[in-house]
Amino acid sequence: MTEQATSFLSDRITSLAESQTIAMAKKARELAAQGYDVINLSFGEPDFQTPQYIKDAAKKALDDGFTFYTPVAGYPDLRQEIVNKLKRDNNLDYKPENIVVSTGAKQSIANVVMSLVNPGDEVIIFSPYWVSYEEVVKLAEGIPVQVKGTIDNDFAITPQQLEDAITSNTKLVMYSSPCNPTGSVFSKEELEAFANILAKHPQIFVMADEIYEYINFTGQHASMAQFDFIKDRVITVNGFSKGYAMTGWRVGYIAANKEIADACDKMQSQITSGTCSIAQKAAVAALKGGRGSAEEMSAAYLRRRDLVLGLMNEIPGIRTYVPQGAFYIFPEISSYFGKSFNGQVINNSNDLSMFILNDAHVAVVSGDAFGADECVRFSFAASDEKLVEAMRRLKESLAKLV
Ligand SMILES: Cc1ncc(COP(=O)(O)O)c(C=O)c1O
């Protein structure tokens with residue numbers, strides 16, 4: 001399109017980056033459509049089907065006539081089940097009025113940021129971070145401030161780093177644990193150290209994204225909201241996409257103080273209203289069914305993690321961190337920068353991921369999208385055969401770079 005033709009679009013949309021994970025998936029699909037055997041490790045979703053008992057509940061919801069608009073914040077029974085889950089899994093006390101169900105945790109996060117951030121407010125984002133955090137902060141005209149962990153430090157963030165990043169304009173801190181893309185997990189002690197710092201700054205809120213809670217290989221999940229002295233300022237985000245393999249159903253939620261929950265309800269009421277009725281009834285069944293299916297899937301991810309790590313560690317020039325949760329490996333690949341193949345020089349993670357896609361026909365996401373250009377993200381939510389073949393091709397292709 002010409003410059004003139006795009007000028008009618010708002011500054012808001014033109015300055016927004018396209019989600020790179022979605023863009024990469026699109027390119028991979030294009031190559032596949034041309035007949036190439038593309039192994040797609042760029043997706044942020046389980047390769048498992050949603051468990052049957054959840055599908056059955058959705059069918060029943062349809063037959064029972066749940067086809068009408070739903071309450072904006074979610075059906076009362078779903079909000080109650082979420083309250084029960086937060087008590088059972090996280091020892092957190094909430095009431096249904098503290099819960100807002102949204103069309104995916106992505107919407108929950110957007111609601112929170114839109115409800116809290118004024119233009120010019122600073123939002124501290126623990127980096128590497130999930131792709132949408134920075135863009136949604138920019139949409140709210142906030143200023144993203146990255147606090148970065150590196151592979152040398154197991155992607156940990158120190159309390160001192162947090163303290164140094166805080167200013168009188170800081171409004172919100174955002175992180176995910178288990179983390180997408182690194183797979184790092186904050187321990188209770190680490191979160192407590194952050195909470196102690198934030199206790200000194202009563203104007204700062206925390207968005208704790210716990211969507212990978214059920215895919216945690218350490219066996220221990222800690223929530224920032226567990227610290228009573230800061231709980232009122234913590235918004236816990238969670239959802240069904242990852243743990244229950246329900247990405248397409250679009251159900252996420254927050255637990256927060258009532259004022260924030262009401263604000264998110266109000267925001268959502270003007271944008272999408274209540275989440276799909278059938279998906280909500282399926283989510284009720286998911287929670288009532290407990291964690292069994294999630295644990296089975298998590299065991300499979302752990303096995304695949306070790307399979308991929310073993311093969312990846314044999315490839316020269318790649319440094320890996322052993323992910324403690326989620327289903328991604330986020331290796332450091334900067335030793336390939338400056339190398340080339342057939343005149344094509346690799347200058348950054350984007351060049352490298354395009355090279356890997358074009359040469360190995362393996363789709364990955366450049367670390368740049370997550371605030372870490374020295375890395376590349378591989379999902380291991382794929383079959384053993386695909387993972388083994390992807391690593392074989394990767395090794396062969398990277399060896400061509402000199
Ligand atoms: C860290 C993180 N938070 C939130 C989301 C959004 O999940 P949902 O599918 O519920 O919108 C994702 C999905 O990739 C994620 O990785």
Side-chain angles (χ1 to χ4, degrees), residues 18-25 40-48 50 54 74 78 82 85 99-114 123 125-137 149 155 172-186 206-216 221 223-224 235-255 264 268 271-272 275-276 279-280 282-283 286-287 294 297 301 323-330 364-365 367 369-372 377-381:
E18 189 185 359
S19 162
Q20 279 207 36
T21 42
I22 291 174
M24 197 63 183
N40 196 342
L41 304 184
S42 72
F43 280 139
E45 71 177 338
D47 60 322
F48 295 109
T50 303
I54 301 174
L78 177 54
I82 291 168
K85 177 261 173 232
I99 310 298
V100 179
V101 177
S102 299
T103 302
K106 203 172 213 171
Q107 187 182 25
S108 306
I109 293 165
N111 284 342
V112 170
V113 172
M114 291 297 180
V123 178
I125 301 177
F126 288 2
S127 167
Y129 52 82
W130 181 50
V131 285
S132 294
Y133 291 172
E134 188 163 290
E135 295 308 316
V136 80
V137 168
F155 294 113
L172 183 66
V173 176
M174 298 170 77
Y175 70 84
S176 63
S177 177
C179 173
N180 176 5
T182 66
S184 61
V185 172
F186 286 131
V206 182
M207 196 215 68
D209 181 348
E210 303 187 358
I211 195 152
Y212 291 94
E213 175 186 8
Y214 286 177
I215 309 169
N216 181 338
H221 176 79
S223 297
M224 185 73 100
I235 303 101
T236 303
V237 174
N238 209 326
F240 297 79
S241 290
K242 316 294 176 173
Y244 288 104
M246 290 177 69
T247 45
W249 301 72
R250 312 307 302 128
V251 197
Y253 61 87
I254 59 156
C264 290
Q268 188 163 297
I271 296 188
T272 55
T275 300
C276 165
Q280 285 195 54
L287 289 177
M297 290 186 263
Y301 295 133
Q324 304 298 303
F327 40 64
Y328 310 102
I329 296 190
F330 199 58
V364 299
V365 188
F370 308 96
R377 191 189 78 173
F378 293 77
S379 161
F380 52 84

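First listed ligand is number 1; within each ligand, the first listed atom is number 1.
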Main chain of Ser42, side chain of Arg377: is a donor-acceptor contact present, judged purely on distance under 3.5 Å? yes
In Tyr212, Phe380, Phe378, the residue satisfying ring-ring contact (aromatic ring centres under 6.0 Å, His included) with Phe327 is Tyr212
Suppose I only count heavy atoms of Ser241 and a 4.0 Å limit; which atoms of ligand 1 are within that range? 8 (P), 9 (O), 10 (O)
Looking only at non-hydrogen atoms, find the nearest pair between Met297 and Ala245 and report the distance. SD-CB, 3.8 Å
Closest heavy-atom pair, Gln280 versus Thr275, reported as atoms and distance to 0.1 Å, is NE2-O, 2.8 Å
Checking a contact table here: which protein heavy atom is nearest atom 10 (O) of ligand 1, and how many Å away? Ala105 N, 2.7 Å
Got the closest protein heavy atom to atom 14 (O) of ligand 1, with its distance? Lys242 NZ, 2.6 Å
Can you tell me the protein heavy atom closest to atom 16 (O) of ligand 1 and the distance? Asn180 ND2, 2.7 Å
Polar contacts were defined as any N/O atom of the residue lying under 3.5 Å from an N/O atom of the ligand; does this apply to Thr247 and ligand 1? no
For atom 7 (O) of ligand 1, find the nearest protein heavy atom and state the residue, atom name and distance (0.1 Å precision). Ile211 CD1, 3.4 Å
Note: ligand 1 atoms sitting under 4.0 Å from heavy atoms of Tyr212 are 1 (C), 14 (O), 15 (C), 16 (O)
Determine the minimum heavy-atom distance between Ala294 and Tyr214, stating which atoms define it. CB-CD1, 3.6 Å
Taking Val101's backbone N and O only, do any of them form a donor-acceptor pair with Gln268's side chain (distance below 3.5 Å, no angle check)? yes
Would you confirm whether the ring centroid of Tyr133 sits within less than 6.0 angstrom of the ring centroid of Phe126? no
Looking only at distances, can you tell me whether any N or O atom of Asp209, backbone or side chain, sits closer than 3.5 Å to an N or O atom of ligand 1? yes
Of all the non-hydrogen atoms in the protein, which one sits nearest to atom 15 (C) of ligand 1, and at what distance? Trp130 CE2, 3.5 Å
Report, in ascending order of atom number, the atoms of ligand 1 lying under 4.0 Å from any heavy atom of Gly104. 10 (O), 11 (O)
Numbered atoms of ligand 1 (with element) below 4.0 Å of Arg250, judged on heavy atoms: 8 (P), 9 (O), 11 (O)
How close do Ala369 and Tyr129 get, heavy atom to heavy atom, and via which atoms? O-CE1, 4.1 Å
